[in-house]
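Reading through the structure tokens given below for one structure.
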Amino acid sequence: MSMQDAVARFVRDGDTVVIEGFTHLISFAAAHEIIRQRRRDLTLCRLTPDLIYDQMIAAGCARKVVFSWAGNPGVGSLHAFRRAVEGRALEIEEYSHFGMVARFAAGAARLPFWPLRDYAGTDLPRANPRIKAVTCPYTGEALATVPALNPDVTIVHAQRADAQGNTQIWGLLGVQKEAAFASRRVIVVVEELVDESVIRSDPNRTVIPALIVDAVVVEPWGAHPSYAQGYYDRDNDFYVAWEAISREPSKLEDYLDAHVYGVSGRAAYLEKQPGLTGRLAAKAQFCAGVNYGF
Amino acid sequence: MSMQDAVARFVRDGDTVVIEGFTHLISFAAAHEIIRQRRRDLTLCRLTPDLIYDQMIAAGCARKVVFSWAGNPGVGSLHAFRRAVEGRALEIEEYSHFGMVARFAAGAARLPFWPLRDYAGTDLPRANPRIKAVTCPYTGEALATVPALNPDVTIVHAQRADAQGNTQIWGLLGVQKEAAFASRRVIVVVEELVDESVIRSDPNRTVIPALIVDAVVVEPWGAHPSYAQGYYDRDNDFYVAWEAISREPSKLEDYLDAHVYGVSGRAAYLEKQPGLTGRLAAKAQFCAGVNYGF
Amino acid sequence: MMAIVAARELRDGEVVFVGIGLPNLACNLARRTHAPHLVLIYESGAVGAVPERLPVSIGDPALVTGSLMVCGMADVFQLFLQNGRIEVGFLGGAQVDRFGNINTTVIGPYERPKVRLPGSGGAAEIAIHARRTLIISKLSPRAFPERVDFVTSPGQHVAKVITDKGVLERDETNGEMVLAQLYPGVDASDVKASVGWELSSRPHLDRVDPPSQVDLQLLRDVLDPKRLYLKS
Amino acid sequence: MMAIVAARELRDGEVVFVGIGLPNLACNLARRTHAPHLVLIYESGAVGAVPERLPVSIGDPALVTGSLMVCGMADVFQLFLQNGRIEVGFLGGAQVDRFGNINTTVIGPYERPKVRLPGSGGAAEIAIHARRTLIISKLSPRAFPERVDFVTSPGQHVAKVITDKGVLERDETNGEMVLAQLYPGVDASDVKASVGWELSSRPHLDRVDPPSQVDLQLLRDVLDPKRLYLKS
């Protein structure tokens, strides 16, 4: 399915949307298509809103952001996010990383909450009343709890999948598996479509099974400026450049006009940036296979 | 370290011992060494006691068994286990598979309990008062709970590890990871000792990190009559034969005398059974490697 | 015959939690006939398995080689079963009662068992989380008592009980298992005589079609040539 | 200098939860000098990473290639951190107070922030679960207030605060952070003037040894040749 069709069919105004990936495998291609289709009132959930949600916030897609660390990794601030929050134009719901991971774990297991040892002595429960506590029926001790997160739609970028949606990921896994299982609808975006036989040759690498996937979109370089281990490196220069772009609302508008609204899709996005693929393409460093015989 | 030394140093009378592996990677070599060293009063925990605990029970190592399915898979009963239970000579604590998995998950996360949707309408909580309930702080609904399981020692059989204990497993994973992280002491038994560079070449396959491992034992064919994917097949004939052996206490004694007490270790055990390795050695069916480059 | 009737209960594309023995035969028969897109999940963690030989155990290596996904058991129970992704679950048991409750734990009192059975395994949670459970069990008054000695798996999701003489199904009015279908040449009285309670019947009893030559040939020559599970 | 002092705090073989920037520099410096068996764990899931280039982000692909293990984040937080396997955790923050509490959330009231900072990330749970936490932060009265505006990470496990002028450590009698070590050429009054509360000192103040040539050469020529994190 094309990204345009997948977003048109499965992402709706007012949805709770998750585009996960911890630094690795962040589907910017999906975010840009959501911006182009002008989705509104979205509740955007991610551990790290990152540039992807900074762009969606600037484009007016977001009503609320649920997160645990909102910065530009190794660079500084997410300025569109900061302007919206400091101007109280955006609702936020804030956890720590462990809290967000636990919310996805509960959602994936279809439990209403998840227990964790956390938050004692912090002001986070004061800032977020959804962080509660439960008493252990064995020891009597109090444990923190977070509520399950069950998105309407989760979009996962991955290295490869077959046509049915059996999806394999290596390198950093983040919470991609939990977010997908927690979600009502799942869109998988891959660097490469492979034959089912490739998936079946190494079943331990499968992270998401076809039976929970609604759409498979093939979008090479769809994670740029994030990265895909074994395919292309992270575009650290762009993350640094975002500091200046996002600081100036006008510059941010120009960026969206040129690289999001101004292109039809990922292919055109790449054509606009000659030399990008050459600069970031991954070197080959293959591991050996293992024996599945008996 | 030799199996003899590992058991001597890390398995003590009265310990709560876990030798896991769901059908796959069950360390019979470790169980036989524990029998030879005549450990006593052990609390043996496994989802499926299987032939391994049936042998340990017959040899007098067990005071108590904690389990969820006590049969000979595809064959019938575990007769030593049945004689002990029906004769009330063995204490048991019983869950379902999900309950045991949840106990290991709680132990691995160092939480005192784990919540699950289970047991409504069953007689299991009546048979086991350690199955309790907790009220969700968000929805008010009651969920079942099981207490954490934190063994004194867990023994994990795996395909390969480096000298420090970084351990890789493929094929069925069971609860090997959770059991190891839940345990105070961990012994890893492997088919093959590999160089650290082999582990580092495919870090997504690592299931158990060296920092939780106390001993690495190299014991080829150490899981027989269980199996190791890519190394050797399950000895189904022996599982069938166990029906007749275990039915007769005298035959079971003869078996232990010949194949456990009567041998010094796994090498001698294999020498006693010519043709066994030839009959069960795995065919080669390697997957391709993946690219970890950037 | 039980395997064939069970296979007919499966719809193409369904996600089935498979047990070893007849359920496995039924699923693989269905996969090779009317339900090629059946997704088989084994509690051992193999998803979309295509065993090239008849698995003797639920953790047979043949379930892993060539499967679509292999995951840990925490994922099997939390992400697949508890998550509600399983449409059909197969169960068997030493005792099945009037309301479809199953006992695979003990005959006699729990504390002083006459016969100690294997226990739940995944049966408790399969019965609770699978949308529809199918029981396969041979008829006999001892195997079908009025009430089981111990409820290992609650009967509320049991849709049908496939026996060696006919099929019982749930009467939605009172939740009781009632006779619905008879195998060729079997009389309703045979079935009633083999059940430990006053078995009611549907007003109209269907006749189960005899097995097709294709089904029999697949079962006997392809799926279970060594007769591990087929008696006839 | 802060990276070098931080490196000296690490003992060989320890399991360290590493952050990006100076903590990463400190760990890799220690690994190349007195602590070759340091195990570096990044919250992104890389265990035993040996980055061949200076990682710009906590999820840099260089942390994955050649690491000992890569696991999902549920495992990072539950099996490593909450399990108690982490000996040392590094933290930084916009504000550090008298009791070692850290604020990385907001300047001003939470509901009407003057400055919105990134938030906790893993800092709350690192402060709670790491046996010993080390803070690296440049001194200034604004950065070291009497009380932080928001407690993102509680200070109870903070062993030392490594600053650009000296090192503070916990006074076990009252739990307060007190001046313990001074860098070469720094006077105690400089430090006290840069702290927003009445900073006490150890009766005897140690002098921090100046950086060795080896340390400086490693940092400048090998670890951070592009001066991403080193200011001098």
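Lettering follows sequence order; numbering is per chain, from 1.
- Using a 4.5 Å cut-off between heavy atoms, Arg234(A) makes no contact with chain B at all.
- If you measure heavy-atom distances from Leu116(A) to chain B, the contacts under 4.5 Å come from the backbone alone.
- Between Tyr231(A) and the options Gln159(A), Glu192(A), His224(A), a side chain to side chain donor-acceptor pair (under 3.5 Å) holds for only Glu192(A).
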Next item on the list: Would you please test Glu93(A) and Lys64(A) for salt bridge (Lys or Arg N to Asp or Glu O under 4.0 Å) and show each step?
Entry: CA-CA 8 Å; Glu93(A) 185 177 321; Lys64(A) 179 179 181 178; 2.7 Å; yes

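- At a heavy-atom cut-off of under 4.5 Å, chain B is reached by Ser201(A), Asp202(A) from residues 194-202 of chain A, listed in order of number.
- For a residue to count as touching a neighbouring chain, one of its non-hydrogen atoms must lie under 4.5 Å from one of that chain's; by this rule Tyr292(B) touches chain A with backbone and side chain alike.
- In this structure, the ring of His97(A) has its center less than 6.0 angstrom from the ring center of Phe22(A).
- In terms of heavy-atom proximity, His24(B) sits nearest to Trp170(B) at CE1-O, 3.1 Å.
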I would like to know whether Asp237(A) and Arg279(A) meet salt bridge (Lys or Arg N to Asp or Glu O under 4.0 Å); could you show each step before the answer? CA-CA 11 Å; Asp237(A) 296 346; Arg279(A) 177 166 58 89; 3.6 Å; yes

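- Smallest separation of non-hydrogen atoms from Gly165(A) and Val216(A): CA-CG2, 3.4 Å.
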- Query: Stepwise, does the side-chain contact (heavy atoms from CB on, under 4.5 Å) test hold for Leu280(A) with Phe294(B)?
  - Reply: CA-CA 8 Å; Leu280(A) 299 171; Phe294(B) 59 88; over 6 Å; no

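- Against chain B, the residues from residues 132-150 of chain A that qualify, each with a non-hydrogen atom under 4.5 angstrom away, are Lys132(A), Ala133(A), Val134(A), Thr135(A), Cys136(A), Pro137(A), Tyr138(A), Thr139(A), Glu141(A), Leu143(A), Thr145(A), Val146(A), Pro147(A) in number order.
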Practice item. Please lay out, stage by stage, how Leu276(A) and Trp221(A) fare under the test side-chain contact (heavy atoms from CB on, under 4.5 Å). Key: CA-CA 10 Å; Leu276(A) 184 150; Trp221(A) 292 83; 3.9 Å; yes

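- For the set Val290(B), Leu173(B), Ile169(B), Leu172(B), the entry with the most heavy-atom pairs within less than 4.5 Å of chain A is Val290(B).
- Under the 3.5 Å distance criterion, with hydrogens and angles disregarded, no donor-acceptor pair is assigned to the side chains of His157(B) and Glu20(B).
- Residue Arg205(B) touches chain A through its side chain alone, counting heavy-atom pairs closer than 4.5 Å.
- The backbone N or O of Ile26(B) lies less than 3.5 Å from a partner atom in the side chain of Ser226(B), making a donor-acceptor pair.
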